[in-house]
Amino acid sequence: MEATEDDLQGHLGHALSQLNKSVNRINSDVASSKEQGFWRRLFTVTVDRNKIAVWEKDLDRVLGLFNFEAIAGMVIDMKLVKKALELIGNVPNAPKNRQIKPPSRPAMLYGRDDLVAELTNLVVNDEHLALIGPGGMGKSSLAKAIINEPLVMDKFADRRFFVTYDGLDPSTITFETFMTRFVGALGIEIAGTDPVRQISTFLDSASSLIILDNAETFEEASAPPALGDIPSVIAEIANISGVILVLTSRSRRNAPNVQWITKDIPPLDLSSAQAVFFRIYHHTSRSEAEEDIKGLLKELDFHPLSINILANAAQQNGWSPITLLKRWNDRHSKVLDGRRGKLQSLSDTMQLSLSSPSVQNLGEDGCRVLAIIAFLPQGLNESLARALLPSLPQVDTICDILCMQSLVYRQDNFIKVLAPIRHYMRDALQAPDSTCLQDMRSFYYRTIRLCSSKRDDHADIVISDHLNIEHVVAFNLAYVPDNMDDTHDICWRFLQCLQQHLPRPTTLISAISNIVENSSTWKLKARCLLSLAQLYNALSQLVEASQTLQAAEELYLTAGDPESMGNCLIKRADFLRCQGRFIQSQNLLEGLQHSDSWESLSNTVKARAWYFLDIARMYTFTAPADELFVKSAEDHVWGFPSKVWHWRAKLNYGGDVVQVHTHLGGLILQYASTGHRIDRRNAFEGLAQIAFCQGRLSDAMDTLQMLVGICEGPYSQDVLWYTVRKAVLASKQGNYDLARELIQKASELSQIFALRNARLFLHQSYGSACIELIAGECSSAETYFATTIEACDVQGNLVYKAFGMRGLGEIAFARSDFALATHCFKETASLCFEMGVPPQHLYSCFQFDTLPDRFKGWLLFLEGQSPFTDVM
């Protein structure tokens, strides 16, 4: 049956009346404690143990009566149980609760949807989370978003608590301070000697989510009682069934004995960073300012707080994007110190991290290591840290603590700092001290001197730390006048290492340009320029390489070193030859022979000049084949390559094929053990060319395959070159599937060398065009030819541009578009004139690149036959 109010007048009413009287007696005994102050009541109330025993006995008697009457009297519904329990609401150790509303979801939280969803899923699946990251990364915002997620609200309802420890000093925080914040956020009042038990009782009554925000404050607590008490309380609360903890912290020193899932909070992505910036900044439309701002946001490593501060500074000051960039370039991190407070000032949030007891305990060495990490663009190589910084024997331990405090982070074996922290360290704190700088300089300089063309441990260090080494060299060139000769020597050696092991653009250009020129620096600066030119060449930046070589030549000439000047000039002439500028190359070398410096050159340098002069003359057909490479063949260094090219020149000039084959074969045998691999490769390529000219395509293919084997290893770039040759040859055999398979393989290989050598791309692109044209796929061929021409315009390569233009002409001719064909062939002839190559000899020295005889538009054009009558 259903219970009514009248039922309370019977047996149960009598029992409840007795219980109420007992409770009231106990209540009156402890009422006076309310006047003693909260912390006294919470932690230091002492009640006579005998009196407590009397209370317990009295309550046991009355509750026993209550239970007996309940069993004997009636069945009670849940509403009356609630009324009964309300009567004992003032029993000690049953804390009162007033609901505290958690903070709302942040208005700006871009680019975090996936992360919020991931973290929410973990929370509703009962996982304890530790959200870790540097100041300003948005950890608190993520926590506020999670606590307001629908899934979280459904599961925890009004049992979602946000406890913030912001604004407290870790060096003075106590257990009492920690508990005050905790119980305040829970909205409970506690009385008695065991507050943790009362909190546990409260939390045990229903599932609860508790956010511990800015947990680094108590994790770094240095007051003795707090060191052990706080972590143990957190562990005890985490073990309560139904309680989930989420903490946000700059520190990784999270409470032990809790199964945390640690999540490092990443920076924003570019799109989200832009969304945040333009949500605040309105002086220019996003479409107009996006490109200008993109680089700046990247320079901030997409750090949320820095982006917010920067956008507000630009908005409040009315800066245009150009002005903002200027302010940033002039002031860097100072722009991020608009107002006070860690949420509005980078320096404030940095000082908060630097003032933590763990960091303070490191003393000066902590700042020294942090300054070094900020100084090095890649950060500190963790495996080399002790070798790089022998004056800091505890560097590994220091790095561990800095990582624990999220001032630095580990990535790819390097200890790094976010860009805003790096700028702050550089702008506001000490620069790396001279001892540390000397340590790094000694280690890196020694590594560079020991590095050779072989891939060994020293080369591996150059590859791993290349940006750091480059920065140290540039810094020493600019700011360390002592031992400048040593730094100049290391500069050119480092560029040589880059060329051999990691060809890439370098930032040392301006540092080299700024070397003061005088009698003691002329040769050193010229040597740096020479290595820079060789690096440019490896990157196929031949225009820049030629300009740099010319500057080196002038310095060597000024320093009275004609030998070095001559070598630079010869190299510059060869760079021109690689671009197809044969006439310019020829003129440059002939000018050297007629200069005052010629007689001062050694015989080997003279032979080298003759060798490259005859290479240019071979392409321009300005000397008989019998005269080419004769003078250089007398030199002990240049003899073998000169003899190879003498007979290859005869082949290019239409000489006797059998005779050429005999002599090239003899040279290969003669120099089998002494000849340089490159020269032997050139001889074998001549044999492949002979087989091709004779129509023995299978033999030519076999020789090209042998060349692939010769080039594997240190000459792996040439593997791509000859693979393309094989692909085009396969198409000429009619095997288009194999041709496309090989060109695809070459394409995959080219990914490795994309930055190194754009000439490889031209070779591959033109080869693809030839394959498609021969296969009858004119549309595809047209695309490849056009791509080749565009790339040639960028690289200044006249040879492949002429080949590509001729290919387009053949396609137009096949389509009976004779006007377009005429235009293309005229452009091809013009390029021949610019190179110095007779148009009828366009392919004479490039016979593998010629098109099959059935493509006769170019020949008809040169002969002035229909439909090209009177066009030449």
Side-chain angles (χ1 to χ4, degrees), residues 100 102-103 106 115 119 122-123 127-147 160-186 196 199 203 208-223 225-240 243-265 304-305 342-343 348-361 401-407 409:
I100 305 295
L115 183 56
L119 298 175
L122 291 170
V123 167
E127 301 286 0
H128 301 300
L129 302 183
L131 309 183
I132 309 300
M137 196 58 79
K139 303 180 294 294
S140 298
S141 295
L142 281 168
K144 292 173 183 176
I146 293 167
I147 208 171
R160 295 169 294 126
F161 307 108
F162 196 93
V163 191
T164 179
Y165 290 93
D166 190 20
L168 299 177
D169 185 350
S171 64
T172 60
I173 190 173
T174 62
F175 181 70
E176 289 81 2
T177 313
F178 171 81
M179 291 300 294
T180 300
R181 289 282 180 107
F182 195 90
V183 299
L186 266 57
V196 177
I199 292 171
L203 294 175
S208 302
L209 171 63
I210 303 172
I211 307 287
L212 301 176
D213 191 38
N214 299 113
E216 69 275 354
T217 305
F218 59 76
E219 289 171 340
E220 288 290 302
S222 55
L227 291 175
D229 292 346
I230 294 177
S232 62
V233 167
I234 293 174
E236 185 173 341
I237 292 171
N239 287 330
I240 298 172
V243 171
I244 299 300
L245 297 182
V246 175
L247 64 78
T248 71
S249 181
R250 303 180 186 207
S251 172
R252 297 178 184 275
R253 188 175 292 171
N254 312 130
N257 302 318
V258 179
Q259 291 186 339
W260 301 107
I261 291 182
T262 300
K263 288 290 181 180
D264 291 290
I265 306 306
L305 176 62
K342 70 169 192 172
L343 297 181
D348 282 7
T349 196
M350 278 298 304
Q351 286 298 333
L352 192 62
S353 296
L354 292 171
S355 63
S356 70
S358 294
V359 176
Q360 290 293 308
N361 290 339
I401 293 172
L402 294 176
C403 280
M404 189 177 296
Q405 297 307 119
S406 296
L407 280 165
Y409 63 96

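Just so it is clear, the structure is predicted and the values come from calculations on it, not from any experiment.
Nearest heavy atoms, R250 versus E216: N-OE1, 3.0 Å. P106 and S141 get closest at one heavy-atom pair: CG-O, 3.5 Å. Smallest separation of non-hydrogen atoms from I147 and P102: CD1-CB, 3.9 Å. Scanning all heavy atoms of the two residues, the minimum distance from G133 to K139 falls at O-NZ, 3.1 Å. Of all the heavy atoms in D213 and S140, the pair that sits closest is OD1-OG, 2.7 Å.
For K144, the salt bridge (Lys or Arg N to Asp or Glu O under 4.0 Å) test picks out no residue, with sequence neighbours left out. With sequence neighbours excluded, the residues satisfying side-chain contact (heavy atoms from CB on, under 4.5 Å) with A130 are I132, L247, N254, W260, T262.
Atom-to-atom distance recorded for L203:CG and I210:CD1 is 4.5 Å, nearest 0.5 angstrom. To the nearest 0.5 Å, atoms CG (L407) and CD1 (I401) are separated by 11.5 Å. A distance of 12.0 Å separates CZ in F161 from CG in L245, rounded to the nearest 0.5 Å. Of the inter-residue distances, the one linking N257 atom CG with I234 atom CD1 reads 11.5 Å to the nearest 0.5 angstrom. Here the CG-OG1 distance, from L168 to T217, works out to 6.0 Å after rounding to the nearest 0.5 Å. With rounding to the nearest 0.5 Å, the separation of CD1 in I265 from CG in L119 is 6.0 Å.
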Step-by-step side chain to side chain contact (heavy atoms under 4.5 Å, CB included) determination, V233 to I230: CA-CA 5 Å; V233 167; I230 294 177; 5.9 Å; no
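A salt bridge links R252 with D264: the closest approach of a Lys/Arg side-chain nitrogen to an acidic carboxylate oxygen falls below 4.0 angstrom.
A distance-only check finds a donor-acceptor pair linking the side chain of T248 to the backbone of N214 [under 3.5 Å]. With hydrogens and angles ignored, the 3.5 Å screen pairs no side-chain donor or acceptor of K263 with any backbone N or O of L129. Looking at H128, its side chain does come within 3.5 Å of a backbone N or O of A238 through a donor-acceptor pair.
Classification of the Y165-F178 ring pair by plane angle, with boundaries at 30° and 60°, yields parallel.
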